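First up is the structure itself, then whatever we jot down about it.
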Amino acid sequence: MGVFGALNSAVSGLRAQSFALENISGNIANSQTTGFKRQDTSFAEIVTDGGATQAVQNAGSVSAFSRATNDLQGNPIAVDQETFVAISGDGYFIVSEAVDVIDGNTIFNGQDFFTRAGDFNLSGEGFFENGSGYFLQGFPLDPATGNQTGGLPEVIQIDTNQFLPAVPSTLIEFQANLPSFPNTTTSDPNVAETELLAPSLRGEDLTAVPPVPAGDTGDATIGADQTQLFLDSSIAGGSTTLFTPLGDAVDIQFRFAKTETALTAGNDDIYNLYFLSDNSATGTDPAWTRVNQQYAFDTNGLLDPQIENVVINHRTVNGSNFGDVTVNHGVNGITQFSTPSGVASANVDANGFPAGIFETVAISDGGRVTVTFSNDQSVDVAEIGLASFNADSQLRRIDGGGAFAATALSGPPILGASGSILGSTLEASNTDIADEFTKLIVTQQAYTANSRVVTAADELLTEVINIL
C-alpha cells in the first residue's frame with residue numbers, strides 16, 4: 001500500500017467518523033422530538049484489488065452509511081391533549097402536506113406521507129396538523145351507523161360550525177319493583193284495602209280496561225282539585241326528561257296507584273301507572289293521566305300477563321306535544337318482590353336530546369375521531385387509518401423532518417397495520433441519551449486515532465523528502 005495508501009485510508013476513516021458524529025449529533029438534538037427515529041451508523045470496508053490471495057492483498061479504506069431504526073418504538077407518554085395520539089406496535093399515520101392556501105382554503109399536493117409523530121392539533125380550518133406541519137388522514141364515518149363510507153383515506157376535516165338537530169323522545173326505558181303493600185299516606189298496614197286508590201278517585205271502572213278504540217286513548221284522568229288526595233293514595237314511580245321534536249325539554253313524573261280488581265283469580269289488587277300531564281292545571285282540569293295498562297302479578301312477583309311495551313298515544317305534557325312514546329319494561333322489568341320500605345324502586349330513562357352546537361373534538365383509543373356537542377351528545381365522524389411497509393428501513397426521510405415517503409425498496413403502503421392507536425398519548429423519540437454519549441466517546445477516540453495515522457504518514461513523507 002505504501003505511505004500514500006495509509007494516508008488515504010486514514011482520511012477515509014476521518015470521513016467515516018465525521019459521518020457517524022453527524023448522526024450522533026442529530027440523534028441527540030432530536031432526543032425530545034415526538035416520534036423521532038434515530039439513525040445509527042454502520043461501517044463497511046472498501047477492499048482494493050491487490051491480489052488473488054490474502055497474503056498479497058492490501059488493507060482497504062472504510063465507508064460509513066446510516067442505518068434506520070424505524071421499527072424501534074419510542075416510549076409512550078400520557079398527555080392531557082385529547083387530539084394527541086400514538087401508535088403501539090407496527091404502523092404509521094398517513095398524512096398530507098399543504099402546498100398553498102387559496103381564498104382561505106388549504107391546498108394539498110395529493111401525495112401521501114407517513115409519520116409516527118401524533119401531536120395533532122385542530123387548525124382553524126378544522127384539519128388535524130402536527131408539529132411538523134403535516135395533516136392527518138383517515139376514513140369518514142356514517143354518523144348514523146358508525147361505519148366507514150370510503151375505501152381510501154382522505155384528509156380529515158372537522159366542521160366546527162356544525163349543528164346537531166334535536167331528536168324527539170320516542171322510548172322510555174322503565175323498570176320498577178312495586179311493593180305488595182304500598183306505603184301510601186292514606187294506608188294503614190293493619191286495615192285491609194287502605195293501600196288502594198281512594199274510592200273518589202277511581203272514577204270510571206278501572207278493574208278491566210278495554211282495548212283502546214281507534215282515535216281514543218281510553219285513559220282516565222285526575223283533576224287538579226284532587227291532586228293532593230291522589231298523591232296521598234299513590235306512590236312515586238320515578239321521573240325522566242322528554243324532548244319534543246323542537247328540542248324542548250319537559251320533565252315527566254310517574255306514580256303507581258293500586259286499585260281493586262277481579263281480573264285474576266286469587267289476586268284482589270292491581271296497579272295502574274299515571275303520569276303528570278299538566279302541572280299547571282287548576283280546578284277540575286286534568287293534572288294526572290292514567291296510562292292505558294294495568295299491572296297484575298303472580299305469586300312469584302312477576303307480571304301476569306307479561307308486559308314488555310306500553311304506548312302512550314299522542315299526548316301533551318305541560319303544554320308540549322309529543323308523538324307516540326313507547327314505555328319499554330323489557331322482560332321482567334316490572335316486579336313485585338318483597339321490600340321493607342313499601343315504596344316503589346324505579347329506574348326511568350328516556351331517549352332523545354335537544355339540539356346542540358360543536359363544542360370539542362377528541363381522538364379515542366382505537367383512532368375514532370369523536371365530536372362532542374353542547375347537548376352532551378357525541379358523534380364519531382372519522383377513523384384514523386394506519387399504513388405499514390414490508391421494509392420500513394428503506395423509507396425516505398422527508399426534507400424538514402417528521403415524515404417519511406415510500407420508495408421502490410420500501411414497497412407500497414399497506415393499509416390496515418397491526419398496530420393500535422392510543423388516545424391522549426405521544427410516542428417519545430427512540431434516542432437513548434446515555435447510549436448516544438457512549439457512541440460519541442468511541443467516535444471521538446476513533447477520529448483521534450485516524451488523525452494520528454495522518455500525522456505518522458506525514459512524518460514518513462517528510463523523512464523521504466529530507467533524504468533528497
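Being a predicted model, the structure only gives us computed values, none of them experimental. Every heavy atom of this structure was used, including side-chain atoms; hydrogens, water molecules and symmetry mates were not.
One finds the OG1 atom of Thr33 at 14.5 Å from the CZ atom of Arg38 (value rounded to the nearest 0.5 Å). Rounding to the nearest 0.5 Å gives a distance of 8.5 Å between OG of Ser378 and CZ of Phe373. Rounded to the nearest 0.5 Å, atoms OH (Tyr92) and CG (Asp90) are 7.0 Å apart.
Residues passing the ring-ring contact (aromatic ring centres under 6.0 Å, His included) test with Phe120 are Phe93, sequence neighbours excluded. Under the rule for a ring-ring contact (aromatic ring centres under 6.0 Å, His included), Phe128 has no partner lying at least two apart in sequence or in another chain. For Tyr295, the ring-ring contact (aromatic ring centres under 6.0 Å, His included) partners are His329, not counting sequence neighbours.
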Practice problem: Take Thr160 and Leu122 through the side-chain contact (heavy atoms from CB on, under 4.5 Å) test and state the conclusion after the steps. | Solution: CA-CA 10 Å; Thr160 57; Leu122 196 66; 4.0 Å; yes
Exercise. Kindly indicate, with the supporting measurements, whether the criterion side-chain contact (heavy atoms from CB on, under 4.5 Å) is fulfilled by Gln17 and Asn450.
Key: CA-CA 9 Å; Gln17 298 304 325; Asn450 279 281; 4.2 Å; yes
Quiz item: Hey, mind stepping through Glu308 and Asn328 against side chain to side chain donor-acceptor pair (under 3.5 Å) and telling me if it holds?
Solution: CA-CA 6 Å; Glu308 293 190 21; Asn328 175 253; 5.4 Å; no
Self-check item: Verdict with supporting geometry, Leu415 and Ile94, side-chain contact (heavy atoms from CB on, under 4.5 Å)
Solution: CA-CA 9 Å; Leu415 295 179; Ile94 307 170; 3.5 Å; yes
Exercise. Would you sort out whether Val85 and Leu422 count as a side-chain contact (heavy atoms from CB on, under 4.5 Å), showing the intermediate values?
Key: CA-CA 6 Å; Val85 285; Leu422 306 177; over 6 Å; no
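Checked options Asp380, Ile421, Ile384; the residue passing with Arg368 is Asp380 (criterion: side chain to side chain contact (heavy atoms under 4.5 Å, CB included)). Partner of Asp392 under the side chain to side chain contact (heavy atoms under 4.5 Å, CB included) criterion, chosen from Asn70, Leu72, Thr69: Asn70.
Proximity of Ile252 to Leu276: side-chain heavy atoms (C-beta onward) are nowhere separated by under 4.5 Å. Using a 4.5 Å cut-off on side-chain heavy atoms (C-beta onward), Val325 and Leu171 make no contact. Using a 4.5 Å heavy-atom cutoff, the side chains of Tyr274 and Arg290 are in contact. The closest side-chain heavy-atom distance from Asn75 to Glu427 is not below 4.5 Å. Side-chain contact check for Ile414 versus Phe389: every heavy-atom pair is 4.5 Å or farther apart.
Counting non-hydrogen atoms of neighbouring residues, nucleotides and ligands closer than 6.0 angstrom, the CG atom of Asp376 reaches no more than 12 such neighbours. Residue-environment remark: CD (Gln32) stays at or below the threshold of 12 foreign heavy atoms within 6.0 Å. In this structure, Glu173 places its CD atom where more than 12 heavy-atom neighbours from other residues, nucleotides or ligands lie under 6.0 Å away. With a 6.0 Å radius and a threshold of 12 heavy atoms from other residues, nucleotides or ligands, Arg15 has its CZ atom at or below the threshold. For Arg452, the CZ atom is loosely surrounded, since the number of other residues' heavy atoms within 6.0 Å does not exceed 12. Within 6.0 Å of atom CG in Asn390, 12 or fewer heavy atoms from other residues, nucleotides or ligands are found, so the atom counts as exposed in its surroundings. The number of heavy-atom neighbours closer than 6.0 Å to CD of Glu82, taken from other residues, nucleotides and ligands shown, is 12 or below. Within 6.0 Å of atom CZ in Phe337, more than 12 heavy atoms from other residues, nucleotides or ligands are found, so the atom counts as buried in its surroundings.
Note on Asp40 versus Lys439: salt bridge recorded, some NZ/NE/NH1/NH2 to OD/OE distance being below 4.0 Å.
Under a 3.5 Å cut-off, the side chain of Thr326 and the backbone N or O of Val311 do not form any donor-acceptor pair. A donor-acceptor contact shorter than 3.5 Å links the side chain of Gln162 to the backbone of Asp159. When atom types are taken as modelled, the side chain of Thr438 and the backbone of Ala434 share a donor-acceptor pair closer than 3.5 angstrom. The backbone N or O of Asn27 lies less than 3.5 Å from no partner atom in the side chain of Gln39, so there is not a single donor-acceptor pair. At distances below 3.5 Å, not a single donor-acceptor pair connects side-chain atoms of Asp248 with backbone N or O atoms of Thr244. When atom types are taken as modelled, the side chain of Asn300 and the backbone of Leu302 share no donor-acceptor pair closer than 3.5 angstrom.
Phe174 and Phe254 have their aromatic ring centers within a separation under 6.0 angstrom. Note: Phe108 and Phe127 meet the aromatic proximity criterion, with ring centroids under 6.0 Å apart.
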